[in-house]
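Note sheet for the following structure.
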Amino acid sequence: MNNNEQPTKRRGMTAEDLLRLRSVRDPHYAPDGTRVVFVEKSIDEENQYRSHLSMWTEDGSVRPWTFGRCRDTKPLFSPDGETIAFLSDRSGRVQLWLLPANGGEARQLTFFKNGVRDYVWSPDGTFLIALTTLGDDETIEDREEPEKAEVKRADLKPRVIERLYYKSDAAGFLDGKRAVLTRIDVLSGKIEALTGREEEIGSFAISPNGRTLAFVANRNEDPDTAFTRDIILLDLEKKTETNLTNGCGAFASLAWSPDGMKLAAIGHDLAYLGATLHRLYVFEPERGTKRVLTADWDVHLGDAMVGDMHADAKGPGPIWASDGSGLYVTASERGRVNLYFVPLDGPIVPVIEGNFHLYGLAIHPSEQQAIAAISSPTSVGDLYAVSLADGTKTRLTRANEALENEVVFADAEPFTYRSADGLEIQGWIMKPPELDEGEKAPLVVEIHGGPHAMYGFTFFHELQLLASSGYAVLFTNPRGSHGYGQSFVNAVRGDYGGMDYEDIMAGVDAAISKFDFIDKERLGVTGGSYGGFMTNWIVGHTDRFKAAVTQRSISNWLSFSGVSDIGYFFTKWEVGCDVWEDAERLWHHSPLKYVKHMRTPLLILHSERDYRCPIEQAEQLFVALKQLGRETKLVRFPDANHDLSRTGNPALRLERLRHIVDWFDRYLKGASH
């Protein structure tokens, strides 16, 4: 740089920067530990999501490994390290493909009509187990077909519904499809069905000797109203099954011990229904024993972090130490997702910890180091080599280096405060990066969904955008959030709009008192799902906010219970009753009841294909507000579901962000649009 040149000033985050962000995820070591294959997800020039495989080698080089207009995910080295299996939609459906580990052409291994959902290698590498689905008249021999053109009106048929659970926000109408585990020979491609048509299959894993397949299934007599998930053991030679758990809980994330004598799982006993903390279980099938290794650890296992960059990145399940002495697990605690070692006997030990979000992990075969995917409020996310001895980290990738050099990121400062009843609550404040000394900024309060989820130390594009747009951003974990123990996460059940509301309002007071750059006269609030419910509730109970944006919200529990894909059980689990038991109670907790008190200008954002919080929730609120002559606007997003803000169509995500910023600009800054 010339001595007379001034360094380029970094600019603030824009909505359009979303299209440039890359998510590095899902690392996996080669068996010899010399290479790591991982996934990089991005948005291409056509505003379409793409994901490709890349390879890191011991010499520090990182090279792209697959290309094209496709989504390649879940890479796994074969046991001999010669082949990489992965899932890809390059043929149309998501199928299983094989690629030489040293480079070359990928070979399609499966051609299932409905594609592949998940898979595992056999220990000897001669076959793979793949999960597919079948309709009533379909077989595993049926091959995928080109996407059908739109059905002609003359060919339309009614959809006959007999099941209580007949639709899903993720999958749409279920249409009778069932899950089937299959065995695929690597050389010949020959396929064999291993299970009958299951209502649902979750995690599955093959024992080290290749003889037993463990899988999680819904074997309940009424699978729509019973929520246990059993672990089934299938003898691959004798074709006999054993139910290992017999309805004692809901399990996932299976992992066999190196000697094949023990089976680990993440699960819980539904003691607090959907608010129950996840624990680490270890079973010894031959001895018939079961242990809960984390029974006395008041921490939720797994990743409960809320964000808009890595929401669909599947984090690691439990990973056994090579000597079978214990397991590595991730846990969500106080806004952090870190790595811990849980021994079979002895105290739990933190392994990789800090104020960050560990959302992907691979353990080196020697167990001297790990490759971790880590994000923080000012780092989008990259792979790091981490010493398992002392936690020192070396950054391996720089997926967003160009953007990071161009844009200034606002940091998130954590703080704690006391709610109305004295309960300690954790929150964060983001200061606008270009705010001048002595200047005050309007405040936007963000409320997460769930409610059993967690804000924390992760990168969040939406929050960065608001901060760069000149807003101080407050986000908190009110009671009902994960990260603070079982009593805390359970405390919201039956009290929606009660002390959780007080927690958020106390957070606003605490932030205004602590941070002198907040303009207390210009307050806004927004949130989605449960956060949308709470936004609706807030504007129905206080006029303190000058603008609000409610997203994919709940406004009426009476109708929600019958139209949501989960409403028929979630309403009772969370509010405490069914419609016919106590309709007045549901109405009491419904924001729509208080619509006459809503005077805050309210922007309503909702996806038209949202089956979790169907759009009729937004419509009811909008119509009532319009009838009352209140300032409101409804924005409907076509062909989008509940996950619009995280994994939805990128063009629609941009429109959503623009509407949010424009609304707050109009009512908190007086800007006209």
For the backbone of [Y] and the side chain of [X], can you confirm whether one donor and one acceptor N or O come within less than 3.5 Å of each other?
X	Y	answer
Ser481	Pro478	yes
Ser468	Met13	yes
Asp662	Arg666	no
Gln486	Ala275	yes
Glu574	Thr571	no
Asp89	Gly92	no
Trp663	Ala548	yes
Thr535	Gly531	yes
Arg336	His357	no
Asp224	Tyr165	yes

- Within 6.0 angstrom of Arg544 CZ, more than 12 heavy atoms from elsewhere: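 Yes, because the 6.0 Å sphere around CZ of Arg544 holds more than 12 heavy atoms from other groups.
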- Item | Pair Ile447-Phe533, side chain to side chain contact (heavy atoms under 4.5 Å, CB included): steps then yes or no | CA-CA 10 Å; Ile447 307 170; Phe533 158 84; over 6 Å; no
- Over 60° means perpendicular and under 30° means parallel, so classify the ring planes of Phe570 and Phe560, tilted if in between.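 Correct class here is perpendicular.
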Is the closest side-chain donor-acceptor distance between [X] and [Y] under 3.5 Å?
X	Y	result
Asn220	Asn218	yes
Ser559	Gln617	yes
Arg630	Thr632	no
Ser607	His642	no
Thr550	Asn536	yes
His452	Asn490	no
Asn477	Tyr484	yes
His310	Ser23	yes
Tyr471	Asp665	yes
Tyr530	Asp500	yes
Asn114	Thr132	no
Arg656	Gln551	yes

- Query: Does NZ or CZ of Arg493 come closer than 6.0 Å to the centre of the six-membered ring of Tyr272, within 45° of the ring's axis?
  - Reply: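 No, Arg493 does not sit over the ring of Tyr272.
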- Message: Using a 6.0 Å distance limit plus a 45 degree cone around the ring axis, check whether Lys167 lies over the aromatic ring of Tyr611.
- Response: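 Yes, Lys167 sits over the ring of Tyr611.
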Between atom [atom1] of [X] and atom [atom2] of [Y], what is the distance when rounded to the nearest 0.5 Å?
X	Y	atom1	atom2	answer
Met598	Ile538	CE	CD1	11.0 Å
Leu277	Ile266	CG	CD1	12.0 Å
Thr14	Leu654	OG1	CG	8.5 Å
Arg279	Phe251	CZ	CZ	13.0 Å
Ser419	Met499	OG	CE	4.0 Å
Leu18	Asp308	CG	CG	7.5 Å

Less than 6.0 angstrom separating the ring centers of [X] and [Y], yes or no?
X	Y	value
His589	Tyr496	no
Phe459	Phe409	yes
Trp573	Phe227	yes
Tyr594	Trp537	yes
Tyr455	Phe475	yes

- Would Glu46 and Arg50 satisfy side chain to side chain contact (heavy atoms under 4.5 Å, CB included), going step by step from the backbone distance to the final call? CA-CA 10 Å; Glu46 297 178 350; Arg50 304 297 181 199; 4.2 Å; yes
For residues [X] and [Y], determine if any side-chain heavy atom of one lies less than 4.5 Å from a side-chain heavy atom of the other.
X	Y	result
His300	Val489	no
Leu443	Ile518	yes
Lys41	Thr73	no

- Message: So, using salt bridge (Lys or Arg N to Asp or Glu O under 4.0 Å) as the criterion, who are the partners of Glu200 when residues are at least two apart?
- Response: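 Result, salt bridge (Lys or Arg N to Asp or Glu O under 4.0 Å) vs Glu200: Arg229.
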Can a salt bridge be assigned to the pair [X] and [Y] using a cut-off of 4.0 Å between side-chain N and carboxylate O?
X	Y	result
Arg599	Glu631	no
Glu581	Lys572	yes
Asp169	Arg609	no
Arg25	Asp312	yes
Arg178	Glu198	no

- List the steps, then state whether side chain to side chain contact (heavy atoms under 4.5 Å, CB included) holds for Leu164 with Tyr568. CA-CA 8 Å; Leu164 180 57; Tyr568 68 92; 3.3 Å; yes
- Derivation of the side chain to side chain contact (heavy atoms under 4.5 Å, CB included) call for Arg479 and Asp421: CA-CA 12 Å; Arg479 68 193 72 198; Asp421 61 355; 2.9 Å; yes
